[in-house]
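What follows is a set of notes on a single structure, which appears directly below.
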Amino acid sequence: MIALMSDRLVIQSVTKFFGSAQNPVRAVDDLSLTVKENEFFTLLGPSGCGKTTLLRLVAGLESCDSGCILLDGADIAPLPANKRPVNTVFQSYALFPHMTVAENIGFGMRMQGKDPADIEKAANEVLDLMRMQGFGARYPSELSGGQQQRVALARALVNRPKILLLDESLSALDYKLRKEMQIELKRLQRETEITFIFVTHDQEEALSMSDRIAVMERGRIGQLGTPQEIYHRPVSRYVADFIGICNFVSAGSLGLAEDVHIGFRPEDATLLVRDGQKPETDGPVLGGRLHALSYHGAVTYYQVTLDSGETVTVADHEKLPVNVDDRVRVAVLPDMLIRCAP
Amino acid sequence: MSTQAKNMPGFGAITFLGIAFLYLPILAVIIFSFNSGRMITVWEGFSFDWYPRALGNSDLQRAAINSMIVAVGATTIGTVIALCAALALHGDGVPRPLKNASYTMMALPLLVPEIVIAVTTMAFFGALNLRLGLGNVLIAHVVFCIPFAYAPIRARITTIPKSMLEAAKDLYADEWQAFRHVTLPLLAPGIFSGALLAFITSLDDFIITLMVAPPGATTLPVEIYSKVKRGITPEINAAASMLLAVSIFIVLLSYVINRKKVI
C-alpha cells in the first residue's frame, strides 16, 4: 500500500490480541484501511467488534501486536499516546473534576509547555466555537451532560490534532440532544477541517454523519464505503442486517436460479391487498399471509409470512385496508434487490 | 425486619449501657480536669487552673515535643510509603497472588496484637544494638503508620476512572505530568485522610512506645502514664483532655475530607 498525499492515516495489517497467552482473542485481526485528509470516517459495528480497540490503537492507548499505523506517512505505532498528534473524546468524557472548564481545555497546551497567554486565547476561541462562552470558570460537575460533551470536544479540538478520535461520544446523551450534537459535529468538522474518526454502534448516526463508513465484524472490516454504498449495496448479510431492517429470502422463493440470498428493505416493497391488484413495477411478487402489523405514525410495518415459510416486513406510508391472517402479496422493486452470499 | 438485632427487646438498653461503659470514664476525666481542688474524685468547684499548669509542666512539655516529632516524622514517612504501595499495587501491572500477599503483609501491624509487635521490635532493636534514641521510636511508629495511611489512599485510588489517566496522556502529559497534575490532586483527600489517621495513631500510641523508647525519648502518653503511677492529679486530667480534643478533631477532619467524591 502506498500512502498518497491526501491519505492522513494508513493502517497496515494491524493485529491486536487480548486475553491470556493460552486463549488469545483477536480484537483487531490483520486489518488495513486508509482515512483521507479532512474526512469524517466512521467505524460502525456491534459491541465487541473491535472498533473501540482500533480507535485506541490509533490514539496510542493500546499497542499493536503487529502491523503499522502511518500518520501523514510516518509510523506512529511505536510512539506513546502523549507523543501522538491525535486527540480523543472519551465515551465518559473523562473531564478532570478538579479543574475548571478553562483549565481542562488548556491542559493539552499546558503539558506541551505553551505560553499561558496563548492557552487562554485558544481556550476562549474554542469556547466560542462550541457556543460555550462564559463557562470557563465552571467546574465539570456544574455542567449538564451535553455541556460536558462540548467541553470534552473543546479540550481535544483546541490542540488542533491531525485526527480527532471520537469514542461512542454521543451515546450517553438523550435522543434530542444526540440529534443536535450530530449536526454540531458535522459543523465543527467542516469549520475546523480536522479529520474525524468516529466510533459508533448506531447505524443511523453513522449514515447521517459520515463521508465513509467501515462496518466492522469480529476484528475485520466487513465493508468499507460511502453511506450510500453501504446502505444500498451491502456485500454480506451481516452488513445488510446491521445497517437496517432487511428482509432475506432464498433466491429460489423469487424464482431465481442463483445460489444467493436476496435481500430487500421494507420500504422497497409494496403490499398488494386486493385480489387481481396489479403491481406498479414488474418485479417478483410473493404470496403470503399477514402475520402482524404495527403502526409507527409515518409508516406502518406489515409482517408477512410467505408461502415458502420465510417472514418479511413491508413498510407502507398508508394504513391499508387489511387484517391479520388475510391473504396478501408482496411486490418487490426489482432494482432494489440486494444479492448476498448465503 | 423483626430478625434485625435493633428490633429485639432490650436492645436499646444494652446499647445504652455499652456506650455508657465506654464513654463515662472519659467524661469523668474531662469533668475533673476542671475541678478546682487537687482531688480527682471530689468535686470542689469549677476552675481552668489545671490547663495552664499542665501546659507549663516541663516534663509534659518535653514529652509533647517528642510526640510531635515522632508523629510528624512517622506520618510523613509512612504516608509516602503507603502512597507508593497504593500506586504500585493499583492497576494490572502486578500479578494477583503477589498483590494479595502485599495487602496482607501491609495489614499485619493491624492484625498482630500490639504487645507482640512491641516485644519483638524491642528485641529486634536490642539484637541490632540500635541506639538512635527518639529514632528508635520513629522507626517503630513508621511500621504501624503505613497500614493506617494506606487504607484511605487505596479506597480513593480505586474510585479514579482509568480514563482520567488516559485522557491526561492523550493530552500530551508524560507519566510524571499525569501523576503530578491528575492522579495526585485526585488522590489528595485520600492521602490527607490517611496521613491524619497515621498521625493520630502515632500520637496516641502507648504500648510500642513504652517498650522501645529509651530514657529521655518518652512521648506524651507514656509520660502521662508514668505520672499517673505517682498519683493522678487534675493536671494529668487536663493533659489527657487536651490530647483527646486533638485526637477527636483530627479524626473528624479525616472523615470530612475523605467524604468528598471524585466525580
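Lettering of chains follows the sequences in order, A, B, ..., and the numbering in each one begins at 1. Because the structure is a prediction, the values reported are computed rather than measured.
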Heavy-atom pair with the smallest gap, counting every atom of Met164(B) and Leu95(A):
CE-O, 3.0 Å
Salt bridge Arg8(A)-Asp72(A), side-chain N to carboxylate O under 4.0 Å:
yes
Write out all pairs satisfying salt bridge (charged side-chain N to carboxylate O under 4.0 Å, His left out) with one or both partners inside residues 191-202 of chain A, taking only residues at least two apart or from two chains.
Arg187(A)-Glu191(A)
Select one option (side chain, backbone, both, neither) describing which atoms of Ala178(B) are under 4.5 Å from chain A's heavy atoms.
neither
Let me know if [X] has heavy atoms under 4.5 Å from chain B in its side chain, its backbone, both or neither.
X: Arg84(A); answer: backbone
X: Phe96(A); answer: both
X: Met109(A); answer: neither
X: Ser141(A); answer: neither

For the candidates Asn159(A), Asn87(A), Val89(A), which exhibits the highest count of non-hydrogen atom pairs separated by less than 4.5 Å from chain B?
Asn87(A)
Among Asp170(B), Val182(B), Leu165(B), Asp174(B), which has the most heavy-atom pairs under 4.5 Å with chain A?
Asp170(B)
Phe40(A) vs Phe198(A) aromatic rings, parallel, tilted or perpendicular, using cut-offs 30° and 60°?
tilted
Paired with Phe199(B), the side-chain contact (heavy atoms from CB on, under 4.5 Å) test is passed by just one of Asp204(B), Thr79(B), Thr75(B), namely Thr75(B)
Indicate whether the side chain of Gln12(A) and that of Ser32(A) have a donor and an acceptor atom separated by less than 3.5 Å.
no
